[in-house]
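Notes follow once the structure below has been shown.
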Amino acid sequence: KFLDMRNSEIDVTLSYSRVITVNIVGEVYYPGSYVLPAINTAFNALIAAKGPLQIGTVRNIYIKRDGQVVDSLDIYQFLFSPSRDQDIYLQDGDYIFVPAAKDIIEVKGEVNRPYTYEAKKGESVFDIVMYAGGYTINAFNDILTLERKYNESLKIHDVHKDDMKSTIVKRGDVITINKI
């Protein structure tokens, strides 16, 4: 009849966790149906499928429920500025669809993580360099080199420090950060 909450100590033990079946399809290492505890997020489910293939997108992963896209996951946003409000909780029967990546940019030279990165529409040279972990201590960061294909030709541009945030990247661009 009476419980003194201020002076009480309560232990709660979860004896059963509800499970859901999630279908992971598209460009992932192990597509298929996965039975997971309901507390898992879309990111956790992707880890169960060993993540996207090299050709799979990491920026536009779709969560579908009853044939409709209900949310999308951007792994870069999740990894580079994580917050609890980005967690996408799944329901039984949801599909996670990983399409092929579209706008791949290569970053070479004096960055901490030289590799290929996927760009979203409107992202700049500065954004991509930040995804690559920023400059190394030996980087000459006043000017970088941008290689871009135009029809049947390749053009090489110098991008100055002041223009890095306003220079929008395009599919197939190669960004090279030179050494001092």
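Index from 1, following the sequence. What you see is a predicted model; the values in this text were computed from it and never measured.
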Item to check | Residue pair Val98 / Pro52: nearest heavy atoms and the distance that separates them | outcome: CG1-CB, 4.0 Å
Next on the checklist: Any non-hydrogen side-chain atom of Ile175 less than 4.5 Å from a side-chain atom of Ile128?
Outcome noted: yes
Item to check | Nearest heavy atoms of Ala119 and Val169, plus distance in Å | outcome: CB-CG2, 3.7 Å
Next on the checklist: Just verifying a value: how many Å separate Phe78 CZ and Phe43 CZ, rounded to the nearest 0.5 Å?
Outcome noted: 5.0 Å
Checklist entry - If we only count heavy atoms from C-beta on, is the Val58 to Tyr76 side-chain gap below 4.5 Å? => result yes
Next on the checklist: Do Ile143 and Val159 sit in one hydrophobic cluster, given that two such residues count as connected whenever their side-chain heavy atoms are within less than 4.5 Å of each other, even indirectly?
Outcome noted: no
Item to check | Non-hydrogen side-chain atoms of Ile156 and Thr145 separated by less than 4.5 Å | outcome: yes
Checklist entry - Backbone N or O of Tyr95 within a donor-acceptor pair of the Asn23 side chain at under 3.5 Å? => result no
Checklist entry - How many angstroms lie between CG in Asn138 and CD1 in Ile180, if you round to the nearest 0.5 Å? => result 6.0 Å
Item to check | CA sep, side-chain torsions, deciding dist, call: Val107, Tyr115, side chain to side chain contact (heavy atoms under 4.5 Å, CB included) | outcome: CA-CA 6 Å; Val107 182; Tyr115 198 62; over 6 Å; no
Item to check | Basic-acidic side-chain contact under 4.0 Å: Glu123, Arg59 | outcome: yes
Next on the checklist: To the closest 0.5 Å, what do you measure between CG (Leu36) and CG (Leu90)?
Outcome noted: 7.5 Å
Checklist entry - Do we see a donor-acceptor contact under 3.5 Å between the side chains of Asp87 and Thr41? => result no
Next on the checklist: Just verifying a value: how many Å separate Ile24 CD1 and Lys50 NZ, rounded to the nearest 0.5 Å?
Outcome noted: 11.0 Å
Checklist entry - If two hydrophobic side chains count as joined below 4.5 Å and joins carry through other members, does Ile55 share a cluster with Tyr62? => result no
Checklist entry - Can Tyr150 be reached from Val174 by stepping across I, L, V, M, F, W or Y side chains whose heavy atoms are under 4.5 Å apart? => result no
Next on the checklist: Quick check: closest heavy atoms across Met130 and Arg113, and the distance to 0.1 Å?
Outcome noted: O-NH2, 4.2 Å
Checklist entry - Is any side-chain heavy atom of Phe140 closer than 4.5 Å to a side-chain heavy atom of Tyr135? => result no
Item to check | Linked, directly or transitively: Leu46 and Val19 (ILVMFWY side chains, under 4.5 Å) | outcome: no
Item to check | Closest non-hydrogen atom pair, Ala132 against Val111 | outcome: O-CB, 3.9 Å
Checklist entry - Can you tell me if CG on Asp4 sees more than 12 non-hydrogen neighbours from other groups inside 6.0 Å? => result yes
Checklist entry - Quick one: which of Leu144, Val129, Asp127 gives a side chain to side chain contact (heavy atoms under 4.5 Å, CB included) with Met164? => result Leu144
Checklist entry - Ignoring hydrogens and geometry, is there a side-chain-to-backbone donor-acceptor pair from Asn40 to Ala45 under 3.5 Å? => result no
Checklist entry - Counting heavy atoms not belonging to Phe80, are there more than 12 under 6.0 Å from its CZ? => result yes
Next on the checklist: Other residues, nucleotides and ligands only: do more than 12 of their heavy atoms fall within 6.0 Å of CZ on Arg65?
Outcome noted: yes
Next on the checklist: Do Val28 and Ile75 land in one hydrophobic cluster if side-chain heavy atoms of ILVMFWY residues count as linked below 4.5 Å?
Outcome noted: yes
Next on the checklist: Using a strict threshold of under 4.0 Å (side-chain N to carboxylate O), is an ion pair present between Lys120 and Asp74?
Outcome noted: yes
Checklist entry - Taking atom OH of Tyr131 and atom CD of Glu118, what is their separation to the nearest 0.5 Å? => result 10.0 Å
Checklist entry - Do we see a donor-acceptor contact under 3.5 Å between the side chains of Glu110 and Thr136? => result yes
Checklist outcome for this item: For Ile168 and Gly122, the nearest pair of non-hydrogen atoms, with its separation, is CD1-O, 3.3 Å
Checklist entry - For Glu27 and Thr57, does a side-chain donor sit closer than 3.5 Å to a side-chain acceptor? => result no
Checklist entry - Does NZ or CZ of Lys64 fall inside the cone over Phe97's six-membered ring, less than 6.0 Å from its centre and within 45° of the axis? => result yes
Checklist entry - Does any non-hydrogen side-chain atom of Leu154 lie less than 4.5 Å from one of Glu147? => result yes
Checklist entry - At what distance, to the nearest 0.5 angstrom, does NZ of Lys102 lie from NZ of Lys121? => result 11.0 Å
Next on the checklist: Any non-hydrogen side-chain atom of Thr21 less than 4.5 Å from a side-chain atom of Tyr34?
Outcome noted: no
Next on the checklist: Please find the pair of heavy atoms, one from Lys149 and one from Gly172, that lie closest to each other, and give the distance.
Outcome noted: NZ-O, 3.5 Å
Checklist entry - Below 4.5 Å, heavy atoms only, C-beta onward: do Ile96 and Ile61 meet side chain to side chain? => result yes
Checklist entry - Under 6.0 Å from the CG atom of Asp158, do we count more than 12 heavy atoms belonging to anything else shown? => result yes
Checklist entry - Do Ser166 and Phe126 have side chains that get closer than 4.5 Å, going by heavy atoms? => result no
